[in-house]
Amino acid sequence: MFARIEVALKPEYADPLAGPLLRRMEMTDPHLRKLVRWVRSMTVYWLDLPLTREELIFASQETLWDSVLHWLFTGNLIPSAAGKRGNVEDLLETAPNRPGKFFALEKRFRLGVTDHASRTLVESFEAVLKRKLGPEARVATGSMLLLEGPQLTEEHLARIAREYFSNELLESWTLLTEKEISHTERFHPERVKREMPKSAPARFHAPIERLAVGSLTNAEVAQFCKRKGFSFAENEVEAIRAGFERDVTDVELELISKVWRSVPFRRLMRAEIVPDEFAREVDEALGPPLPEKLNGLIEGTFRESTREVPRAWVVSAFENGASLLQYDEEDLLSVETEIESRTVASDATYGSLMGYAETYLRAICAGRGAKPILATDVIFSADLHAPVPQGQDHLHPRRVLDGVKTGIAKAGAQLGVPTIGGALYLDAKEGVTPVAHFSALSLVPRIAGGIPSETREASAGDRLVILGSATGKEGMLGTPNVQICDTTLLHSLSALVAEVRDLGWNRVFFPCGEGGIASVAARIAREFGGVEIDLDRVPTKISGLRPMEILGSETAERIVAIVPEERVEAVVGLASRRGMVGAEIGAVRASGRIQMRAPETAGEEWIVDVDTKFLRGSQPRAHEEITRAKPAPKPGAPRAIEWGDPAKEGVETLLRILSHPNVCSREWLIRQIDHEVQGTSALKPLHVASVSPEVSHSGPNDGGALKLKPQSNAGLIVATGLAPRAAAVDPYLMGALAADEAVRNAIACGADYGKEDFLFALTYQFSCPAKDLQDANQRGGLVRACMGATRAAIELQTPFVHGAQQTIVGQNSKLHFVVQSIARTTKVAGIRSADFKTPGDAVYLLGPARFGLTGSLVAEVYGAVPPDATSPTPEWDTARRLYAWLGGAIGKEQKKLRSIHDVSDGGLVTAIAEGCIARGMGVALQYPEGLPRTAEWEFLFGEGFHGLVVSVGEIDAALVETEFAANEIPFIRLGTVTGTGVVQIRRGETPSLVIETKVLRQAWKREGYWE
Amino acid sequence: MSDVKRPRVLVLRGPGILSENETAQAFATAGFEVHLRNLADLVAEGYREERLSEEYAVLAIPGGASTADELGSGKLLALKIQHLLGWTLTGYAARGGMVIGIGSGFHTLIRLGVFGREISVTSNGGTASPAGAGGRSLQGWVKVAPIGMTCTWLRGLGVVDLPLRHPEARIVIHPNRKTETLVKLQRRGLHCLKYEGNPIGSDENIAGLCDLSGRILGIMPHPESFIRWTAHPEWTTAPQRANAPGQGLAIFENAYQEFMRAIQPPA
């Protein structure tokens, strides 16, 4: 039976779609917003179900109608479920201007885009009717936006549809006139039948294409590869030619392409990198010169720190499976990262959700199956106050960032992972599309189902079982490059992984995300000796998929499990009971080969038969030269001028910094993303004074912490470091600053440091414009950033264990370089937040205080630096002592500290202000007289390495100072916390900066999307 | 100690349920023997409500996304409980069982009609903006206060701080029958927990409802996330209390005490 059902919220309730849509319009196109006088949304269902009319009415009422909230418009199916008139007129009558001029926009998913809501509706109908409806049951969902505005034209409505209501990549939309809205013709079964999405037709099984690599020219091979979407370099084609003494199938090329990741950026990662003399040069204070040659970017930089700082708790690092760290006796920690820009450009919400989900998928496959316990997101976005870009292809940065936020919030809420760390960095020079860096940590039981997790073992004869969603054309050429992730299914998949693991039914899991089955097959062959797969046995969503498509399909809702033969039936049965696909598709073999066939579509012969050694060892290594050009002055770059007296200009400077987009409150973002789920977060992204949303105030913390286990006092700490402004000075400095900040922030949160074999690891993430890789200078900058971070990691004895990298295509951008730290504290009670807590507490600056103005935020704010401004300089020996004291390895009085906050963007004064804001505290501080002017600015607002502001009860101050002295920790006692609500900083005896805390709070809270 | 019979709690798990482990932990800390069961397995077994009464002192429906934001949070789960398991829960409570639905588990209880058909909840996948919230949908902590003596779960509880995860989910009363419904809720003691202030715009500040027996509680904020003091956003002001229990634990302990009272031999 065909039916159309429209579900509208009663007018008494705020519209969840229309409200935010109008808000986004107001923020980005106020003129268009003024033309819309009224708007209301409805959900639309198109049904084609094998039901009687009575069954349909009963099931629809049970599933779709909440008599408190909804009106249902159904034509004449259920007239009693609406208002007085029983049709959409009931809703139109609530518009303030009657008679008005009404329009409607209706949208629905394009063919091939997965409509998860339709699946939910079928499932609910089946529950109500207590029977399966079978494959002939079809449902499509969409929504309708009713608008009123006498001056709205078709052009306006098209803009609303494209920019605010739908994503044309995934959805199609139509415009309805008032007459069409009021008419019930759209409910007619024949009309519904016409509008039902057509099933994808069974396609002709395309034959396997074979490439005679031995007899074709390079140009002919290149042409073939281009048509198929491969981007092999010329020497890679040569390697393929040499590796095969026969024709190569397109499926084999797909496999090789996925495994070799044959794109220029990936080639750089494993290239032989040769810096020239300029690129090798490094400031003596920062570290030694670059080596004459690096064997691969990651191998030559970050992995060097892993080798230089060997740690017993590193179970595996930089492996294809997640990096594993030993958290305690019972559990390992796994680390996963992912960077998204291309999919975010296609759809901000679904793109960011997909990035998050991919990270989650890899996280659950860690070890022999893992539970994600926290997520962090670092987002680089265009300035939110940038002028509205012209043209239909651009959305306003606020609109895009709002989408990213929604995607992350949705993923976090539906997958149940707390987001407790990260950053948002805004830059006027960024392109419109944000670049999102995702990380996930998960907990892996050391022993599960009686088997140690760190031992990845499988035997010839073990079976491959695919689990999760059926395979479609996800990630293939010609499909939208963003998918709508089914988070409910993904979460169920996570639960299935844990269940199978705890029963001891699996050996290992492999995610079918990046690289799909091709990547999985290569990994299995490499780890366990060989693999055989029957592609015809992979369950598919649509008929007629070619073997090459099945091999390359990528999604965040699918994994392959290696299962002993005797457990296959149980695993498949369990998957089926949990509502997902499960099918045996192949086996582990001791053949040393990757072999695949598809008997139904390609006959009995192998369509893939590739030697594992060829895949692993035959990819040619590129040769990349890098240099370092002196940065040319650019318009808008800081220029050298004399600065005024900080005593006169300090307050204004502080207010400008606190309201700067990269310092001001992120509460508007943080509190829309769940950081409480799982109930483990012990240090949240914001410290809060007074629990009550109406009167509470918050301030920033330096990182996040989890108390993972009720019976253990230990805690897990994560923090982020980034220093993008320093790239203009020297990318090497940027890398070193980022690593030091990541370490410093974790220590500020309470991480152990310096104790015997203390757990303290770093991860990197970088993304850079693809076009930069063609420039030896830009390549040099990337290498130097990696080297700087590596040097800092070695100096601080905190090795890198994992990372991710990505290119940014299709927009202006720059190198984004992020370092994150993962650390442990043996006592959660030692965790500190950044806020000053008690009047009378003594305030100290710890660290060498060698801050610089070059590359600082204050220099950016003023667009200038003094001629004698300096760059930040590290003192690694001092840093190790300072961090070891704070981290509990030396001394015992560090537990007396009441607050710790790192000195970063905006320098010392900003750190002090941030410590006062939440509780409305004041401070009475003093700094030395007689400093030269630039040095005074650098002391107050400069930025650099190893700086921390701490407070301690006055009664404990002497004890703490004694330990500072005993351990040669540089400190300056600045003064005391006060209850006056005034920040008072004196130069010697002369008041220099005096300002009420509530004014600072206003400045800090000034920014935010919703304003 | 080992001779003391521990009450058993059935904590539901299944698609979209996210907080089953926290909920299980909270009950375990309070003294319960915890069984986590997948809804699909219960359906496959034909697990009737009578058996639930025999085997479990408490049924917990944890929070999460509860599978069907598209149909309304908790809706699909409620349909499965109602139509595939045939549970009414009021019968279970009448036989001495206790039920708690937290967050979207509360929504499930609402969809089941446990608190009457005039009550509902707005839920829109995290994008709804409650009237008066200026378009904001904020995660955060709230203060909630018990009302009356009806609810067994909230006995002896004062004003407590608890985390709120989906502030767009407002409890609402049928607009045409608001007055009589409110009178009914108050007279029968069903409105058992209210928000201090009105942070999210729930009708009558409703943060929790119970049934007539007081043994079925639906609660919007998450007590299972505050069983340790270190979860509180201000705990670092008093680090010496780091190992103290959180205020949410008392709710689970009340259920334990209720069971222990019930099995005490008459004096």
Side-chain angles (χ1 to χ4, degrees), chain A residues 10 12-14 16-17 19-20 23 62-64 66-69 116-117 120-121 123-124 127-128 130 141 406 409-410 413-414 416 487-488 491-492 495 577-579 671-679 681-684 687-689 691-694 707 710 713 828-829 831-833 837 1010, chain B residues 13 15-16 18-19 22 25 29 40-41 44 64-65 67-68 70-72 75-76 79-80 83-84 117-120 122 124-131 134-143 161 163 165 172 174-175 196-197 199 222 224-225 227-228 230-231 233-234 236-237 239 242-243:
Chain A
K10 288 181 180 177
E12 289 87 351
Y13 303 110
L17 179 70
R23 203 166 72 249
E62 286 287 294
T63 57
L64 295 173
D66 181 325
S67 63
V68 179
L69 297 174
H116 302 301
T120 304
L121 189 64
E123 196 180 350
S124 66
V128 168
K130 300 187 181 70
T141 67
T406 304
K410 195 176 170 73
Q414 297 190 342
T487 45
T488 302
H491 186 260
S492 295
R577 283 209 301 284
R578 299 290 175 260
R671 288 187 59 198
Q672 294 185 75
I673 297 171
D674 197 338
H675 50 263
E676 300 283 358
V677 64
Q678 296 191 12
S681 59
L683 187 69
K684 303 160 207 293
H687 57 258
V688 173
V691 168
S692 167
E694 289 164 336
K707 185 178 189 298
N713 284 327
V828 167
I831 288 172
R832 296 288 178 269
S833 51
K837 295 178 178 67
W1010 55 47
Chain B
R13 69 189 336 171
L18 301 176
S19 302
E22 299 155 68
Q25 185 61 56
T29 308
D41 291 341
T67 67
E70 299 93 350
L71 302 179
K75 182 75 178 180
L76 183 55
L79 290 172
K80 287 180 175 176
H83 294 283
L84 297 181
R117 293 291 171 189
E118 294 78 28
I119 310 283
S120 189
T122 63
N124 297 283
T127 56
S129 47
R136 304 176 189 195
S137 173
L138 302 179
Q139 310 279 331
W141 283 61
V142 290
K143 286 187 185 296
D161 298 338
R165 292 197 192 134
V172 292
H174 198 298
E196 293 277 280
H222 288 260
E224 82 283 11
S225 288
I227 58 167
R228 299 184 291 247
T230 49
E234 286 195 274
T236 56
T237 57
N243 294 321

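Each chain gets a letter, A, B and so on, in the order its sequence line appears, and its residues count up from 1.
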Closest heavy-atom pair and its distance - B:A242, A:A829:
CB-CB, 3.6 Å

B:R13, part contacting chain A, at a heavy-atom distance under 4.5 Å:
neither

Would you give the length of the straight line joining atom CG of A:D66 to atom CG of B:L71, rounded to the nearest 0.5 angstrom?
11.5 Å

Quick one: salt bridge (charged side-chain N to carboxylate O under 4.0 Å, His left out) partners of A:R832, sequence neighbours excluded?
none

For the OG1 atom of B:T230 and the CG atom of A:N713, what is their distance to the nearest 0.5 Å?
9.5 Å

Taking every non-hydrogen atom, the tightest pair across B:S120 and A:V68
CB-CB, 3.6 Å

Over all atoms of both residues, closest heavy-atom pair of A:G679 and B:R228
O-NH2, 3.3 Å

Considering only heavy atoms, which portion of A:S833 lies under 4.5 Å from any heavy atom of chain B: side chain, backbone, both, or neither?
both

Quick one: which of A:E123, A:R578, A:H687, A:K684 has the most heavy-atom pairs under 4.5 Å with chain B, could you say?
A:R578

Applying side chain to side chain contact (heavy atoms under 4.5 Å, CB included) to B:W141 and A:V688, what does each step give before you reach the verdict?
CA-CA 10 Å; B:W141 283 61; A:V688 173; over 6 Å; no

So which atom in B:H83 and which in A:A127 form the shortest heavy-atom distance, rounded to 0.1 Å?
CB-O, 3.2 Å

Interatomic distance, B:T236 atom OG1 to A:K837 atom NZ [nearest 0.5 angstrom]
4.0 Å

In terms of heavy-atom proximity below 4.5 Å to chain B, should A:D674 be classed as side chain, backbone, both, or neither?
both

Gap between atom CD of A:E676 and atom CD of B:E22 - 0.5 Å precision
10.0 Å

First locate atom NZ of B:K75, then atom CG of A:L121, and finally report the distance between them rounded to the nearest 0.5 Å.
11.0 Å

Which atoms form the tightest heavy-atom contact between A:Q414 and B:L18, and what is the distance?
O-CD2, 3.4 Å

Using heavy-atom distances under 4.5 Å, tell me whether A:K707 contacts chain B through its side chain, its backbone, both, or neither.
both

Quick check on B:I227 against chain A: is it the side chain, the backbone, both or neither that has a heavy atom closer than 4.5 Å?
neither

Where on B:E118 is there a heavy atom nearer than 4.5 Å to chain A: the side chain, the backbone, both, or neither?
backbone

Is chain B contacted by the side chain of A:E12, its backbone, both, or neither, given a heavy-atom distance below 4.5 Å?
side chain

Residue selection (most heavy-atom pairs with chain B, distance under 4.5 Å) from A:L683, A:V128, A:L64
A:V128

Chain B: which of A:E62, A:R577, A:H675 shares the most heavy-atom pairs with it under 4.5 Å?
A:E62

Residue among B:A44, B:S225, B:S19, B:A40 with most heavy-atom pairs under 4.5 Å to chain A
B:S225

What distance do B:R117 atom CZ and A:S67 atom OG have between them, rounded to the nearest 0.5 Å?
8.5 Å

With sequence neighbours left out, the residues meeting side-chain contact (heavy atoms from CB on, under 4.5 Å) with A:S492 are A:M580, B:P15

Quick check on A:A495 against chain B: is it the side chain, the backbone, both or neither that has a heavy atom closer than 4.5 Å?
neither

Below 4.5 Å from any heavy atom of chain A, which atoms of B:D41 appear? Answer side chain, backbone, both or neither.
both

Most heavy-atom pairs under 4.5 angstrom with chain A, which of B:T237, B:I119, B:T29?
B:T237

Residue part contacting chain B, namely of A:A117, when any heavy atom lies under 4.5 Å
both

